[in-house]
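We count ligands from 1, going down the list as the structure has it; atoms in each ligand are counted the same way. If you're wondering where the values come from, they're calculated on a predicted model, not measured in any experiment.
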Amino acid sequence: MKQKHNERGVQRQHFGGEKGRDGGGARCSWSLDHSQEAWRTPQDFLTAPSPAGSDKSAVAMATHIRAEDRFFWLVWQFGVTEASGTMLRTGMRLLALALCVSAGGDFDWTKNEKTSFYYGTFPTGFSWGVGSSAYQTEGAWNTDGKGMSIWDVFAHKKGKISSNETGDSSCEGYYKFKDDINLMKEMKLNHYRFSVSWPRILPSGLRSEHVNEKGIRYYSDLIDLLLDSKITPVVTLYHWDLPQVLQEKYGGWQNASMVGYFNEFANLCFERFGNRVKHWITFNNPWSISVEGYETGEHAPGLRMRGSGAYKAAHHIIKAHAKVWHTYDMKWRSKQKGLIGISLTADWGEPVDVSNQRDVEAAERYIHFYLGWFATPLFHGDYPAVMKEYIGTFTLCSGRKSGQQGLGASRLPVFSPQEKSYVRGTVDFLGLGHYTTRYVTQKNYPSGFGDSYFADRDLAELVDPKWPDPGSEWLYSVPWGFRRLLNFVKTQYGNPMIYVTENGVSEKMQCTDLCDDWRMQYFREYINELLKAVRDGVNVKGYTAWSLLDGFEWDEGFSERFGLYFVDFRNKNKPRFPKASVQFYKRIISSNGFPNQREVESWKRKAVETCSSSNQLLAADPLVGHMEMVTEIVVPTVCTLCILLSAVFFMFLLRRRL
Ligand code: NOJ
């Protein structure tokens, strides 16, 4: 998931040669190569030890690359060196470690099997889907009684979004949902994940004020058509578009009253759609809502409340999730028999050196500050111990930021004993979004650095320049990280039922090649790591490719395309064109995985055969757009002029006769 280095008050420093990023066409033909040693049989896969030296490979590579100055140091420019090494400090550290650092459950950090491609299939009934969200695709921002959301307002402010783009019309999904369901039918999808725009059905955010029946009708029709098409709707209640009124009146997620308002909105959705929807996701990626909305301000509502705003927002979101789960449990579950989950997004954090305890702890902190921040309260009833220590006031522990800063109370809010038992166990399934990985090492931030979520973690993130990054600058393709993350979830949270709710890769705007080799490669390898995780015993029930269509990519506008379908945003009809990855994903779905080498190797070739004709269609699209302009503007204008002229001529003739 996106974490922009510059928004963390740090700069990316580049030591050494240029990365393979040249924009436009060159990137279109880039292939990802993660070639690895071959496995022999499925049984070998389940029992074989790590390939010789693989545990050490990250370390070796890191050392090697460091020697060559080839790492991109994402966080290093402050010149803050590691702890001064005095005896006293060492003693304190050991004590602090014993007292404060949360154990990583059964997760074995040293067991990183970067194994070769595994041929096999997913369990029967595994669900394949694609995802989207309301603001990113619907458009119709002020149509049919919809209220404003914080994203409508944010995107309309100059300088917030790349090229000042907005989601006003986006993919026009509000009008084209029937076409889109046809695309899904062709792919033989099992489920479709979409989100409900809160202000589309409750324009002021409050049920007591006004329910917009046209908005309800839209989602109701969408759900009906999906079910008619044998596609299971998976509905997200909050994919970031809070009603603007709630932001203005109460300060949005900074205010505890949001817990009740969100519950009312959710309750309305259960009442109107719950007879047909059985999979609910309360929040999409609360990390992003909190950090990008209230810490860095890159996202709506654009607030920069460093070191406190994100923690407060997260606290209310966790409580809101729990309240909705309890509402469903008490009021609807017995009748509707559905499930309530939450979608958490997290990168994997790999220790730079797995044999170095400090690196392992730093990596573990990275994951707890990301995923554990939300998952640990929901599964275990409280924030991860390591977050409480590092942000808290307890001065014996190595982090103790609030204490060092002379604050009486922790910037991380505290759950009361009642709240702990109220939030614990409120996840019927865990939605997991995952895109990329970072190497992580220990880095101390001085107390004078100021309040900051990022500094609270005391770590530095690094990337390997050999990792392919075909699209968004934060998104490096590191498939093995996916399996590691899934296994971490299994060990930390008691092997919960998981649906992968997001996974995919983007390309830049300039690249209009529908033969998206890099995306096929990304899906092939990430889904294969998922398969390995399933074989490891991780309880994954479904996978959602992100996303069905290119859409409004938040502060990046339309410049980053995640879609399986290309959307021509220049054309006001927003036509969709299949990228080669549509064919590729379709084959994974129809085979329920990767049946055998011979077949899988033919998939890419076959997919590429079809995409060249799509490329031609797309190339002709400006022409089509031009033709449309001719029929929709020029022809009517010329006709009107002719009629006017004839009328004048006719009157002139009449007058001459009289
Ligand atoms: C996570 C968000 O949930 C989604 O809206 C976004 O498009 C993807 N990440 C890609 O950045």
Side-chain angles (χ1 to χ4, degrees), residues 1-5 7 129-139 149-151 154-155 161-162 165-167 170-171 173 192-198 234-242 281-293 296 298-300 317 341-348 370-371 374 430-438 469-477 481-482 485 499-509 516 518-519 522-523 526 543-567 569 581:
M1 183 45 207
K2 180 175 67 178
Q3 279 197 44
K4 280 188 192 159
H5 43 81
E7 287 299 334
V130 294
S132 75
S133 83
Y135 188 71
Q136 291 184 277
T137 55
E138 278 178 7
S149 79
I150 53 173
W151 270 96
F154 187 72
I161 312 292
S162 158
E165 287 164 328
T166 72
S170 192
C171 308
Y192 175 49
R193 177 182 175 215
F194 65 91
S195 78
V196 174
S197 157
W198 183 347
V234 176
V235 181
T236 309
L237 291 167
Y238 189 87
H239 203 123
W240 308 355
D241 43 359
L242 186 78
I281 292 168
T282 53
F283 289 91
N284 175 67
N285 193 351
W287 181 92
S288 196
I289 304 168
S290 310
V291 173
E292 296 178 299
T296 67
E298 290 163 279
H299 282 187
I317 289 170
I342 187 167
S343 177
L344 304 180
T345 300
D347 296 351
W348 175 247
Y370 216 141
L371 179 76
F374 302 93
L430 177 67
L432 197 62
H434 174 73
Y435 291 89
T436 193
T437 284
R438 294 286 182 267
D469 64 336
S472 313
E473 75 172 337
W474 53 270
L475 207 174
Y476 293 82
S477 174
F482 195 15
L485 177 68
Y499 280 89
V500 174
T501 41
E502 281 186 34
N503 177 243
V505 67
S506 54
E507 72 248 11
K508 298 277 184 199
M509 174 93 149
D516 53 348
W518 62 93
R519 185 172 286 102
Y522 181 98
F523 280 135
Y526 271 74
Y543 173 87
T544 315
W546 193 265
S547 48
L548 174 67
L549 306 173
D550 291 336
F552 180 84
E553 187 51 31
W554 310 110
D555 53 322
E556 303 296 344
F558 296 101
S559 65
E560 292 179 7
R561 294 171 174 270
F562 276 84
L564 287 160
Y565 280 86
F566 182 95
V567 177
F569 294 107
S581 48

Discussion item. Show me which atoms of ligand 1 lie under 4.0 Å from any heavy atom of Phe562.
Written reply: 10 (C), 11 (O)
Practice prompt. Using a strict 4.0 Å cut-off to heavy atoms of Glu502, name the atoms of ligand 1 that fall inside it.
Written response: 1 (C), 2 (C), 3 (O), 4 (C), 8 (C), 9 (N)
Discussion item. Is the contact between Glu553 and ligand 1 made by the side chain, the backbone, both, or neither, using heavy atoms and a 4.0 Å cut-off?
Written reply: side chain
Worksheet item: How would you list, by chain and number, every residue that makes a ring-ring contact (aromatic ring centres under 6.0 Å, His included) with Phe374, sequence neighbours excluded?
Response: none
Worksheet item: Any heavy atom of His239 sitting closer than 4.0 Å to ligand 1?
Response: yes
Discussion item. Test your reading of the structure: does Ser133 have an N or O sitting under 3.5 Å from an N or O of ligand 1?
Written reply: no
Item to complete: Mark up the atoms of ligand 1 that fall under 4.0 Å of a heavy atom belonging to Gln136, in ascending order.
Response: 4 (C), 5 (O), 6 (C), 7 (O)
Worksheet item: Under a heavy-atom criterion of less than 4.0 Å, does Thr345 contact ligand 1?
Response: no
Response to the item:
One should read off an interatomic distance between Asp555 CG and His299 NE2, to the nearest 0.5 angstrom, of 4.0 Å
Discussion item. Using modelled atom types and a 3.5 Å cut-off, is there a donor and acceptor pairing between side-chain atoms of Tyr476 and backbone atoms of Arg438?
Written reply: no
Practice prompt. Output yes when the distance from some N or O of ligand 1 to some N or O of Trp474 is under 3.5 Å, and no in every other case.
Written response: no
Worksheet item: Between OG of Ser197 and CG of Leu237, what distance do you get to the nearest 0.5 Å?
Response: 11.5 Å
Discussion item. So, taking the atom named CD1 in Ile150 and the one named CH2 in Trp198, what distance separates them when rounded to the nearest 0.5 Å?
Written reply: 10.0 Å
Response to the item:
With sequence neighbours left out, the residues meeting salt bridge (Lys or Arg N to Asp or Glu O under 4.0 Å) with Asp550 are Arg561, Lys579
